[in-house]
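One structure is given below, encoded as structure tokens.
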Amino acid sequence: MYDFVVVGAGPAGSRFARRAAENGYDVVMFEQGEVGKPLACSGHVSTDIWSFVPDDARDHLWQNEIHGARFHTGGPASDSHEFYKDGIVSNVIDRVELDRTLAKAAEDAGAELRESHTVTGLTETRDFVTVDVRGPDGVDQYRGRIVAGCDGPNSRVRQEVGLPDPQELLHGVLGFTDDPDHDDFVDVHLTVPEFFAWRIPRGEAGVEYGLAMAPSEDVTERFESFTAEYGVETDRRCSGLIPIGPPEQTHTGRVFLIGDAAGHNKPFTGGGILYGMTAADIAAQYIDPARPQTLAAYEDAWRDELKQDITLGHLIRGGYSLPEEIQEKGMSLFEGEIGVHMDRPTSLFSREQLRAMLSGLK
Ligand SMILES: Cc1cc2nc3c(=O)[nH]c(=O)nc-3n(C[C@H](O)[C@H](O)[C@H](O)COP(=O)(O)OP(=O)(O)OC[C@H]3O[C@@H](n4cnc5c(N)ncnc54)[C@H](O)[C@@H]3O)c2cc1C
């Protein structure tokens, strides 16, 4: 019997497994494939990322540093509005290496990691959960006092225990070119329905082009015309789902969700690496496997921590659908230096932001 069975070794699962193992619990983590693969993420994160990885990880994760964003209501040839910080806003990192680093940190803390093991079923009883796992040698059953569903946007765990889905799933597509680009601005194009397309300079790793939108729309065609406007042909295409808006409930009697499985994402960018790991830390702090009622405390605590930023994030996203003239006017009003933290839209009301806006009025 494990204290915790963790399903999925992405950032949320590995972070939780590490923290729970450090707390002295027996933890096993099942990953259906190989940690970090396949890639379906930009790895564009705030500088908070460095507090979640070991000190020496920066050398093999870091690709570029970003000071601001150019927002366009049209394509690459259109005028842009620049939003920037005096210091570093964000980093572009190697996402595959991030997952490997986090999984290794979990193992170093004492968690067991089993790759090529797919969780196919769950049965909750009063005292434990039985987990069906298909591995290279066939199907086995494992028991855990508590199961953490960290298995991404299409969470099998969520489906098995009948928890509700996130409010919305977007389809994100990425493609890359190889020429190094050390620019310190990303480009954001408000040219797709209800979301955006982007260009991210990744230093020596080249340039990434991407977009996200509702899956029913013709994503591939839009991606082709977006990159054609830039005059590039991308390779290493990949895609994935992005949950927007957490479901109303993220735990049952002995099962709980973290990360994309729980919709722990920023509604205005889809970014979920840091919200997921923040929720993982909260889970490790609140959940005692001997007292399953502590799952409700986890649910309350992550909502307390993220709710305001997620609510404000929805409002910001609403701006992507405004008529172009209003977007242009709004951005003209606020462009320039900003003091906002990229994961925390509530910092729009911070002293730092006020100072940045007032300095722009001088
Ligand atoms: C195109 C795109 C670009 C993105 N860009 C960014 C970005 O720049 N910054 C950012 O912060 N976020 C970004 N995101 C979102 C980010 O990728 C996710 O929020 C993040 O990966 C969530 O981490 P997670 O651990 O919850 O889930 P995941 O990273 O999806 O990990 C889940 C793991 O569970 C495993 N798994 C699934 N089912 C099972 C099963 N049945 N049994 C065993 N294992 C299973 C999977 O193989 C996977 O390894 C992007 C997403 C997309 C699609």
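Numbering of residues begins at 1 and proceeds along the displayed sequence. In each ligand, atom 1 is the first atom listed, and ligand 1 is the first ligand listed.
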Could you check [atom] against the protein and tell me its nearest heavy-atom contact, residue, atom and distance included?
| atom | result |
| --- | --- |
| atom 32 (C) of ligand 1 | Cys150 O, 3.3 Å |
| atom 13 (C) of ligand 1 | Cys41 SG, 3.4 Å |
| atom 15 (C) of ligand 1 | Gly270 O, 3.7 Å |
| atom 22 (C) of ligand 1 | Asp260 OD1, 3.2 Å |
| atom 31 (O) of ligand 1 | Gly10 CA, 3.5 Å |
| atom 27 (O) of ligand 1 | Gly152 CA, 3.8 Å |
| atom 34 (O) of ligand 1 | Gly8 CA, 3.1 Å |

His44: numbered ligand 1 atoms lying under 4.0 Å from its heavy atoms: 7 (C), 8 (O), 9 (N)

Numbered atoms of ligand 1 (with element) below 4.0 Å of Phe30, judged on heavy atoms: 43 (C), 44 (N)

Would [X] count as a contact residue for ligand 1, given that I'm defining contact as a non-hydrogen atom of the residue lying under 4.0 Å from a ligand atom?
| X | answer |
| --- | --- |
| His264 | no |
| Arg95 | yes |
| Gly43 | yes |
| Gly210 | no |

Checking the N or O distance criterion of under 3.5 Å, is ligand 1 in contact with [X]?
| X | value |
| --- | --- |
| Val7 | no |
| Pro11 | yes |
| Glu31 | yes |
| Thr118 | no |
| Ser42 | yes |
| Ala12 | yes |
| Trp198 | no |
| Val119 | yes |

Plane angle bin for Phe4 and Tyr25 - parallel if under 30°, tilted between 30 and 60°, otherwise perpendicular: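 It falls in the perpendicular class, over 60°.
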
Examine the side chains of [X] and [Y] and answer whether a donor and an acceptor come within less than 3.5 Å of each other.
| X | Y | value |
| --- | --- | --- |
| Ser225 | Arg222 | no |
| Thr278 | Trp302 | no |
| Glu208 | Ser42 | yes |
| Thr101 | His60 | yes |
| Tyr286 | Glu299 | no |
| Asp48 | His341 | yes |
| Tyr84 | Arg70 | no |

Heavy-atom donor-acceptor pair, Tyr275 side chain to Asp343 backbone, under 3.5 Å: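 Side chain of Tyr275 to backbone of Asp343, a donor-acceptor pair under 3.5 Å: yes, one is there.
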
Donor-acceptor pair, side chain of Arg317 and main chain of Glu194, under 3.5 angstrom: yes

Counting heavy atoms only, which part of [X] comes closer than 4.0 Å to ligand 1: side chain, backbone, both or neither?
| X | answer |
| --- | --- |
| Val157 | neither |
| Asn265 | side chain |
| Asp151 | both |

ring-ring contact (aromatic ring centres under 6.0 Å, His included) partner of His189, the single match among Phe226, Phe196, Phe223, Phe195: Phe226

Gap separating the CG atom of Asp281 from the CZ atom of Phe52, nearest 0.5 angstrom: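 Interatomic distance, Asp281 CG to Phe52 CZ, rounded to 0.5 Å: 5.0 Å.
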
Reported CD-to-OG distance for the pair Gln32 and Ser116, which is rounded to 0.5 angstrom: 10.0 Å

Quick test of your reading of the structure: of [options], whose heavy atom lies closest to [atom]?
| atom | options | value |
| --- | --- | --- |
| atom 53 (C) of ligand 1 | Ala40, Ser14, Gly272, Gly13 | Ala40 |
| atom 10 (C) of ligand 1 | Ala280, Ser46, Gly276, Gly271 | Gly271 |
| atom 38 (N) of ligand 1 | Glu115, Gln32, Met342 | Gln32 |

Ring centroid separation Phe334 to Phe83 under 6.0 Å: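 Ring centres of Phe83 and Phe334 not closer than 6.0 Å.
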
Residue among Val340, Thr311, Ile316, Ile310 satisfying side chain to side chain contact (heavy atoms under 4.5 Å, CB included) with Pro345: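 Output: one option passes, namely Ile316.
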
Exceeds 12 heavy-atom contacts within 6.0 angstrom, atom CD of Glu248: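 For Glu248, atom CD is not crowded (no more than 12 foreign heavy atoms under 6.0 Å).
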
